[in-house]
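Reading through the structure tokens given below for one structure.
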Amino acid sequence: MWGSNVSTVMGARDGKRGHVLVARNARVLYVPSTKVASSTLRLLLAEANGTYRPDLIRWLDGPTISVDQSVHNMQINGLVHMELLPKSVQTEMTSSADWWRVAAVRNPYARIYSAWENRILLRAPGRVTERAWVECADVIVDGHIDLLATYRRFIETLAAKPEVFGDDSHFRSQSMHFDLTPISLTHVIRLDRTGELQRFADELGARVGRSFAPRRLNEGLGIGYRQVTDSRTAELIRTVFADDFDRFEFADETFPDELDPVVASERETNAIRYARALTERLTQLSTLARYRNTGRHLAAQTLRNLRLRK
């Protein structure tokens, strides 16, 4: 089996279950984890499965922030949820040597920075509530966002008030994802090891008779996590995600006590605020579009039309 240290996904927590995605044509199960190349892996599996439908993206009403992110939609990737299949089929998929059972893990320092940048700083659509944005509000210096101090505030909030983030999986451990999906894995892709994602893509390509080059579909601002992680912040991250560090034995890293300032320029600050405003409006339009497809809206529209005819 790929990757050391993870051989069997443990029992589900508190009776809950997570989702396992199925690429039936490629005979691959995928246990997704947020901010762990999940967009890239969905695209790889959809292409290997022969079910990727980018031509349908224009018809979606979900508030995805980019065309590429639409790969998470089941209509686009053509994958299915294992738990919706007959039990006998699930048993075969989770036990047969003909099936791959795949997951990926990522350095927690890199993963939580990516989650913060995407869900808190840029406020991508998701399950984050207004309270989280208030508790993790920007630290402003001379009208500019101090990214270093703002990130530190976020980590302190995550450590002291995890309830602020509800059950949003972006801010919970990778171990939690694994424990919600109790199956034995054949492949654990270590994103902290250079070349391992490409190696998986090569083996997947050989399996289905195609060639794949993994694409990054959720690019950030280009700021590395080490630019905003000092020793105190790193200690808090290790505490919050202790189960991941213990379970997956990530390499030890040391961080300085002091860092150079990381402050957004005036243009960068304005761009971040503009991105937030666009996302807010996109979410509103998505909600409106979905409402207009409901029976309640159609009935109300019919009544209005009848009144206008009188």
Side-chain angles (χ1 to χ4, degrees), residues 13-14 16 18 32-39 65 104-141 145-180 191-192 218 220-259 261-264 272-273 275-276 279-280:
R13 298 185 181 185
D14 302 323
K16 297 180 180 179
S33 185
T34 50
K35 304 309 293 181
V36 187
S38 60
S39 301
I65 59 174
V105 294
R106 184 182 187 185
N107 174 338
Y109 300 116
R111 176 176 176 262
I112 194 57
Y113 171 79
S114 180
W116 168 77
E117 184 182 282
N118 183 253
R119 298 286 159 162
I120 302 297
L121 182 65
L122 297 178
R123 300 185 182 177
R127 305 178 69 177
V128 176
T129 65
E130 185 73 26
R131 182 186 175 190
W133 291 333
V134 170
E135 295 277 358
C136 304
D138 302 332
V139 177
I140 303 298
V141 177
I145 300 175
D146 185 330
L147 298 171
L148 174 61
T150 302
Y151 181 62
R152 182 184 295 120
R153 172 180 286 179
F154 158 71
I155 293 297
E156 290 171 348
T157 303
L158 181 63
K161 303 178 183 178
E163 69 278 3
V164 166
F165 304 93
D167 61 353
D168 191 311
S169 59
H170 287 79
F171 307 103
R172 302 178 71 182
S173 71
Q174 295 164 83
S175 293
M176 177 275 297
H177 289 82
F178 279 42
D179 286 350
L180 292 178
L191 300 182
D192 54 322
N218 201 4
L221 299 176
I223 299 172
Y225 69 90
R226 294 193 64 87
Q227 293 177 255
V228 292
T229 306
D230 57 22
S231 59
R232 171 57 181 159
T233 299
E235 181 182 349
L236 290 174
I237 292 172
R238 284 192 293 270
T239 299
V240 172
F241 298 108
D243 53 350
D244 282 350
F245 283 102
D246 291 343
R247 187 168 185 170
F248 306 121
E249 298 182 9
F250 291 102
D252 290 336
E253 294 189 45
T254 58
F255 296 85
D257 294 335
E258 299 290 337
L259 292 169
V262 183
V263 179
I272 290 170
R273 290 171 175 164
R276 291 172 178 175
T279 298
E280 181 180 8

Between [X] and [Y], is any pair of side-chain heavy atoms under 4.5 Å apart?
X	Y	result
Phe154	Leu121	no
Ile140	Ile145	yes
Thr34	Arg119	no
Asp179	Asp243	no
Ile237	Phe255	no
Val240	Phe171	no

- Message: Checking Tyr151 now: which residues fulfil side-chain hydrogen bond (donor to acceptor under 3.5 Å, both in side chains) with it, not counting sequence neighbours?
- Response: none
- With Val36 via side chain to side chain contact (heavy atoms under 4.5 Å, CB included) - residues at least two apart: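 Result, side chain to side chain contact (heavy atoms under 4.5 Å, CB included) vs Val36: Ser33, Ala104, Arg106, Arg111, Gln174, Leu191.
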- Query: Under the side-chain contact (heavy atoms from CB on, under 4.5 Å) criterion, do Thr157 and Phe165 qualify, and how do the steps go?
  - Reply: CA-CA 9 Å; Thr157 303; Phe165 304 93; 4.2 Å; yes
- Task: Determine the sole option in Arg238, Glu156, Arg152 for which the side chain to side chain contact (heavy atoms under 4.5 Å, CB included) test with Thr233 is passed.
- Result: Arg152
- Message: Parallel, tilted or perpendicular, judged at 30° and 60°: which one describes the rings of Phe248 and Phe250?
- Response: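 If you compare the ring of Phe248 with that of Phe250, the planes turn out perpendicular.
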- Message: According to salt bridge (Lys or Arg N to Asp or Glu O under 4.0 Å), does anything in residues 132-141 pair up with another residue at least two apart or in another chain? List the pairs.
- Response: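 Sorted pair list: Arg131-Glu135, Glu135-Lys161, Asp138-Arg276.
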- Decide whether a cation-pi geometry holds between Arg226 and Tyr109; the criteria are a distance under 6.0 Å from NZ or CZ to the six-membered ring centre and an angle within 45° of the ring axis. no
